[in-house]
Amino acid sequence: MRLSPDETIVFSVGILEINATIFYTWIVMTILVAGSWLITRRLTADERPSHWQALLESVVVFMQNEIRAITDQAPAPYLPFAGTLLVFIAVSNLIGAVPGFASPTTSLSLTTALALCAFFAVPFYGIRKKGVLRYLRVYIQPNPIMLPFNLISDVSRTLSLSVRLFGNMMSGQILVAIMVSLIPLFVPVLLEMFGLVIGLIQAYIFTVLTLVYIGGATSDT
């Protein structure tokens, strides 16, 4: 049994091999781009918008409230990145429930890439808010001897983000596969439904932790 989508080659072009991680990531991106276009092409200010627009507005309002609560700042600068992160991870986690599809987040390479996005977003927003010198000064507080420890902290939390998401998604897939082989009917369906909930929770946790790091980097204190 192949557990990681990295091990499955979907197709190849010459010496270039496209594995399932890349393939299903492209599918998720296509779903998000097409869905965004379909939902936003007919936005209305009416009191009774379409169900899809209402869902989109609910997600935006939810993210704005979360960003404001976590960072204690105006949500506008962080909403595009945090919202994209949340929706992308959520769809990537949920797509594995579709027969014939695999969640790209069960690949350590993808979760590492997402963690690196969060890693570079922290100094990006920190420098944009405070400037280079003021932001870098944080690494030598309360004294310069803390510089290597602060750098290690940044790297370790990035590794933690990657491994946490990968581990939770992979463990869920393994559990469902084991239960399908032992009890092939009712129990796997319940586990699959439970896995969908876990997938949404993991997307939320990943995004919240990223916002916590960004909030710490952009805080005035």
Side-chain angles (χ1 to χ4, degrees), residues 1-8 10 18-33 35 59 62-63 66-67 69-71 78-98 100-126 151-179 188 190-217:
M1 179 177 63
R2 295 181 177 180
L3 296 176
S4 174
D6 288 343
E7 302 174 13
T8 303
V10 178
I18 304 300
N19 61 28
T21 300
I22 298 174
F23 180 73
Y24 289 118
T25 299
W26 287 348
I27 290 179
V28 171
M29 293 167 59
T30 302
I31 292 172
L32 294 179
V33 171
V59 173
F62 170 77
M63 285 304 304
E66 290 296 307
I67 294 170
I70 294 170
T71 66
Y78 316 113
L79 180 60
F81 176 72
T84 301
L85 202 60
L86 175 69
V87 175
F88 177 82
I89 297 175
V91 175
S92 296
N93 292 346
L94 297 178
I95 198 174
V98 179
F101 286 75
S103 296
T105 44
T106 56
S107 164
L108 185 58
S109 59
L110 179 64
T111 58
T112 300
L114 292 170
L116 287 174
C117 290
F119 176 80
F120 288 110
V122 173
F124 171 79
Y125 286 111
L151 292 175
I152 292 173
S153 174
D154 280 1
V155 174
S156 62
R157 72 189 186 189
T158 302
L159 179 63
S160 173
L161 279 175
S162 172
V163 173
R164 179 187 292 108
L165 180 59
F166 165 74
N168 281 284
M169 296 308 300
M170 178 59 73
S171 62
Q173 179 174 306
I174 293 174
L175 181 60
V176 171
I178 293 174
M179 295 306 297
L190 294 178
L191 288 175
E192 194 69 44
M193 294 175 63
F194 180 71
L196 295 178
V197 176
I198 294 299
L200 293 176
I201 293 175
Q202 289 304 316
Y204 174 77
I205 291 175
F206 191 103
T207 306
V208 165
L209 289 175
T210 301
L211 285 172
V212 169
Y213 303 149
I214 292 174

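Position 1 is the first residue of the sequence, and the numbers go up from there.
- Atom OG1 of Thr207 sits about 8.5 Å away from atom CZ of Phe81, to the nearest 0.5 Å.
- In the model, Asn19 has no side-chain atom that pairs as donor or acceptor with a side-chain atom of Thr8 under 3.5 Å.
- At a threshold of 4.5 Å between non-hydrogen side-chain atoms, the residues Tyr204 and Phe62 count as touching.
- Separation of atoms CG (Leu86) and CD (Glu66) is listed at 9.5 Å; rounding is to 0.5 Å.
- Between Ile95 and Ile31, the closest side-chain pair of non-hydrogen atoms falls below 4.5 Å.
- The nearest pair of heavy atoms linking Val91 to Leu32 is CG2-CD2, 3.7 Å.
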Worked verdict on Leu114 versus Leu161 for side-chain contact (heavy atoms from CB on, under 4.5 Å): CA-CA 8 Å; Leu114 292 170; Leu161 279 175; over 6 Å; no
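- Scanning both residues, Ala115 and Thr158, for their nearest heavy atoms gives CB-O, 3.3 Å.
- Of all heavy-atom pairs between Ala203 and Asn93, the closest is N-ND2, 4.1 Å.
- Between Leu108 and Ser162, the closest side-chain pair of non-hydrogen atoms falls below 4.5 Å.
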Contacts table for residues 208-217: side-chain donor-acceptor under 3.5 angstrom, sequence neighbours left out:
| residue | atom | partner | partner atom | Å |
| --- | --- | --- | --- | --- |
| Thr210 | OG1 | Phe206 | O | 2.9 |

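- Classified by interplanar angle (parallel below 30°, tilted 30° to 60°, perpendicular above 60°), the ring pair Tyr24/Phe101 is tilted.
- Met63 and Ala82 get closest at one heavy-atom pair: CE-CB, 3.7 Å.
- Looking at heavy atoms from C-beta onward, Ser103 lies out of side-chain contact with Ser92 at the 4.5 angstrom threshold.
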Determine all donor-acceptor pairs shorter than 3.5 Å in which one atom belongs to a side chain in residues 194-202; sequence neighbours excluded.
| residue | atom | partner | partner atom | Å |
| --- | --- | --- | --- | --- |
| Gln202 | OE1 | Asn168 | ND2 | 3.4 |

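- For the pair Thr25/Leu110, a side-chain contact is recorded, criterion being any heavy-atom separation below 4.5 Å from C-beta on.
- Residues Arg157 and Phe119 have side chains not in contact (no heavy-atom distance under 4.5 Å, counting atoms from C-beta outward).
- Qualifying ring pair (Phe, Tyr, Trp, His ring centres under 6.0 Å) partners for Phe166, counting only residues two or more places apart in sequence or in other chains: none.
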